[in-house]
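Chain letters run A, B, ... following the sequence lines, proteins first and then strands; every chain starts at 1.
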Protein chains: 2
Amino acid sequence: MNIGEIARRAGVSRSTVSYALSGKRPVSDDTRLKIQRVIDELGYRPNASARALANGRTSTIGLVFPPAGNHYTGMQLDFIGSVVEAAAAYDYDVLLSPSGVDSDRSFQRLLGERRVDGAILMEIRLQDDRADHLADLDFPSVAIGRTAQLDGRWWVGLDHTALAAACVHHLADLGHRRVAFVNRPEQLLRAGYESAHRGLDGFTKAAAERGLTVRTYCCGDDAAAGQECVERILHDDPATTALVTLNEAALGGLYRGLARAGRHVPRDFSVTGVVANRWAETVTPQLTAADVPAAEMGRLAVELLVERLDQPTASARHHLLTPPISLRGSTGPAAAAPAS
Amino acid sequence: MNIGEIARRAGVSRSTVSYALSGKRPVSDDTRLKIQRVIDELGYRPNASARALANGRTSTIGLVFPPAGNHYTGMQLDFIGSVVEAAAAYDYDVLLSPSGVDSDRSFQRLLGERRVDGAILMEIRLQDDRADHLADLDFPSVAIGRTAQLDGRWWVGLDHTALAAACVHHLADLGHRRVAFVNRPEQLLRAGYESAHRGLDGFTKAAAERGLTVRTYCCGDDAAAGQECVERILHDDPATTALVTLNEAALGGLYRGLARAGRHVPRDFSVTGVVANRWAETVTPQLTAADVPAAEMGRLAVELLVERLDQPTASARHHLLTPPISLRGSTGPAAAAPAS
DNA sequence: CACTTCACGCGAACCGGTTCGACGATGTGT
DNA sequence: ACACATCGTCGAACCGGTTCGCGTGAAGTG
C-alpha cells in the first residue's frame, strides 16, 4: 500500500497520485476521483519517513524538557498537554526529548538526525548553552523563558520579576514587614534557572523598595523539603509573618510546616507566590497567587514556532506574560503583634 | 553532510561508510578509522528519515495519552517522564499523541503514516476500541491497564480491584462501618475506564464481605469537585467515618471539605485510597494510600514494548502490580460514637 | 605454483515519497 | 488552415540512507 500501488490500481502514474494529493499541480476531476476511490478503498496513508526524506520537513516539533531527577511540577504537565494539542491543530507531532544527564546525546538526536523541524525549550537558564547553540545554528526554536541574551531570540516568558514584586507589594500593602522567599532548589538556582533568578531579583528589589526585612531560601521540589524550609524560616526569624514562593511542588509542605508550627493561614501567616491555578486551589486555604498560565504559554510557544517555520526570514518575536494575582484565601493583614 | 559526502572525503564508497557505522559487515581498522575521523571532523549524523525509510524502523514509540479536557493528574506526569527516560535508554524517541476529540486523526498519523514502531496506550477502558484495533492489526503496543479482553494482549496494570479492597480492609480493621467511595468523574466511569470500574468493584465486594455500609460517588478531577463531593457524602449519611478515593486531583478538595465540615482527619474521619506517593505526601495529614508506582509502570511498559519489537513472535506478556498500602497519617480508629 | 578461501570494498538496487521537464491532446486566435 | 498556448499526465531524477551480490587481492593449502 504505497503510492505505486495506488497508481497502478488507479491506472495512473505515481506522480499523478502525488499531485492529486498535494494539489500542487492541477489534476482533472475525473482522475482525482478515480484515485480518491482507490485510496479510500485501501485506506492508504503516505509514509511519513518517505515524505520527510523527500521534502525535508518532518512535521514534528521537539519538546526539550527537564530531566526526571528534577521532579516534574504540575505546570509542566499543563504545558506539555497544551503544546501537544496546539501542535496537533497545526498538523505537527510532538517529540519529547529529555535534556537529561547527557543532554548532548538526545539533543544530537533531534537536530543532527533531523528528527524535528523546530524545537521548544523548557526550563531555560539565563546562560543557556542549548539556546545559544540553537541560535548559532539558526535552528528554529522557541524558548520558554528569557535568556540573558535576547537579540534575535524567540521566546514566551513569564515576567517573574514583576510577579514576585507584585507578591511583595500585596503583602506590604497588608502590613507585613518580615517576609521570607521560598525559591526553587539551590541546585537550580546555581545552574542559573531563569525563573529562580528573576523571581529572586524581583522579590529582593521590591522588598527593598518597601523597606521590608527579608530572608531568602532555596527549597527542594517536594513536600518534605517545604515543611523543613518553614521550620528554618521560623527558626531564623520567628517574627516572620508571610512568605512568597515560586516552588509549586513544596507548597503542600509549606502549609504543613506552618500548621505544625501553630501558625494559622491566613490569620497568623500569609502565603502567596507564583503557582499554576490548579495547584493553588488544591491547598486549604486556597492560595492567593499569580496564576501561571501554563496552557496559554504552551499554545503561544507553538504558534510562534509555527510562524517561524512558515517564514524563516521573519524577525524574532516573543510574548512576555504578567498574569494578575488572584486573590484567594491565603493572605490577610499582618497580625498586630507577632510573638517576639 | 550526508553519507555520500563522508564517503567522498574518506575516499571510500557509501556502502562502506554505512557498514563502518552499523558494523553489519567487517571493515578494516584502517578504513574504519579514516571514516571515523571524517565523521568526527564534520559532526556527521545519519538522517533519521532516510534511515527509517530504508530499514523500516523509526526508532520512535508513540505515547497515546488522554486529551487535556480531562485534567491531567500527577501520576500521568511521572509516567510520561519515566517512559521518555526508559525509551531513551533503549535508543527510542517518544512521540506524543493526543487521543483527543477526533482520536482517529492522530491515531491514523501514528499508524497509517508509520511514524512509530510501537505504541503505549494510557487511560485504558474495559472495552477499548483503540486497543482492539491495534490488536487486530497486530501492531506492537502495550496498554497501561487491562481491557476486558486479555488474550494475547501486552499490558502493565495496577490491580485496582485488590488495591481498593485493601483500602476497605484497612478501614474495616480500624473499626469503620460506614464508608464512602470517591471515584473518578462519572463521564469516565460511563466511558468504561478500567481503573474506575475495577476500583469500584473491588471496593464494593470487599465492603460486602466485611458487612460495611457504603455509598459510592463520582467526583470531578479538581479540588472544587472534591470539596463538593464531601458535602454530598456528609449530607447523604452524616455517620460516614471514612472514605476511599481513586481521585488524585480531588484529594485537596476532599480534605478541604472535611475541614469545612468540622471533621478532623484522622481523629473523626479517615481517608485513604490509591494515589501517587508524591501527592499523598502533599496533603496534611499525609495520606495513607496504596502508592501508584507510576515511574515503575512507565519503565516496565517501555521494556515490554522493546521486547515485543525485538522479537515480534514472542507471546504476550504483562505485569500486574499490587503496591502495598503505605501507612501515613490519614487513617485512624473509628470514633467511638459519631454524631447521629 | 595453481587453487581455494576469506576479508574487504564497490556498485547498484531499493525504501516511498516529491518535483521538474517534457510531451500529447485539446482549445484559441488569426 | 496554421502556429501557439494550455491543460493534464508521464517518466526520471532525487532525498539519504541500507543491503545484496559480486569482484579483487592477499593469505592459506596441497
Check: residues 34-41 of chain A side-chain donor-acceptor pairs under 3.5 Å, at least two apart:
| from | atom 1 | to | atom 2 | distance (Å) |
| --- | --- | --- | --- | --- |
| A:Gln36 | NE2 | A:Asp40 | OD1 | 3.0 |

Cut-off 3.5 Å, no hydrogens considered: what does the side-chain donor-acceptor table look like for residues 132-142 of chain B, sequence neighbours left out?
| from | atom 1 | to | atom 2 | distance (Å) |
| --- | --- | --- | --- | --- |
| B:Asp132 | OD1 | B:Arg153 | NH1 | 3.4 |
| B:Asp132 | OD1 | B:Arg153 | NH2 | 3.0 |

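Between A:Arg57 and A:Tyr92, the side chains place a donor N or O and an acceptor N or O closer than 3.5 Å (distance only, hydrogens not considered). No hydrogens or angles considered: a donor-acceptor pair under 3.5 Å links the side chains of B:Thr31 and B:Ser28. A side-chain N or O of A:Thr58 and one of A:Asp117 form a donor-acceptor pair less than 3.5 Å apart.
The stretch residues 6-13 of chain B has no heavy atom under 4.0 Å from DNA chain D, so no residue of it qualifies as close. Residues from residues 31-45 of chain A placing a heavy atom under 4.0 Å of any atom in DNA chain D, listed by number, are A:Thr31.
The backbone N or O of A:Ser18 lies less than 3.5 Å from a partner atom in the side chain of A:Ser22, making a donor-acceptor pair.
Residue-environment remark: CD (A:Gln149) exceeds the threshold of 12 foreign heavy atoms within 6.0 Å. Other residues, nucleotides and ligands contribute at most 12 non-hydrogen atoms within 6.0 Å of the CZ atom of B:Arg125.
Here B:Asn47 does not reach the OP1 or OP2 of D:dG16: none of its side-chain N or O atoms lies under 4.0 Å away.
Candidate nucleotides C:dG9, C:dC15, C:dG17 were compared by shortest atom distance to the side chain of B:Leu53, and C:dC15 ranks first. The side chain of A:Val27 has D:dT9 as its nearest neighbour among C:dG17, D:dG16, D:dT9.
Rotation axes derived from the C1' atoms of the five outermost pairs at either end of the helix from C:dC1-D:dG30 to C:dG29-D:dC2 lie 50° apart, to the nearest 10°.
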### Query
Are B:Leu320 and B:Trp155 close enough, and set up right, to give a side chain to side chain contact (heavy atoms under 4.5 Å, CB included), and what steps lead you there?
CA-CA 8 Å; B:Leu320 183 60; B:Trp155 51 273; 3.8 Å; yes

### Message
Between A:Ile120 and A:Phe65, is the side chain to side chain contact (heavy atoms under 4.5 Å, CB included) condition met? List the steps.
### Response
CA-CA 9 Å; A:Ile120 293 176; A:Phe65 76 113; over 6 Å; no

At a cut-off of 3.5 Å, list every protein nitrogen or oxygen paired with a nitrogen or oxygen from nucleotides 18-21 of chain D, distance to 0.1 Å.
| from | atom 1 | to | atom 2 | distance (Å) |
| --- | --- | --- | --- | --- |
| D:dT18 | OP1 | B:Arg51 | NH1 | 3.1 |
| D:dT18 | OP2 | B:Ser18 | OG | 2.7 |
| D:dT19 | OP1 | B:Lys24 | NZ | 3.4 |
| D:dT19 | OP2 | B:Lys24 | NZ | 3.2 |
| D:dC20 | N4 | B:Tyr19 | OH | 2.8 |
| D:dG21 | N7 | B:Arg25 | NH2 | 3.1 |
| D:dG21 | O6 | B:Arg25 | NH1 | 2.4 |
| D:dG21 | O6 | B:Arg25 | NH2 | 3.4 |

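The shortest non-hydrogen separation linking A:Ala295 to A:Ser82 is O-OG, 3.0 Å.
A:Arg317 has a carboxylate O that lies under 4.0 Å from a charged side-chain N of A:Glu307, or vice versa, which qualifies the two as a salt bridge.
The nearest whole Å value for the distance from the CD atom in A:Glu113 to the C1' atom in D:dC15 is 17 Å.
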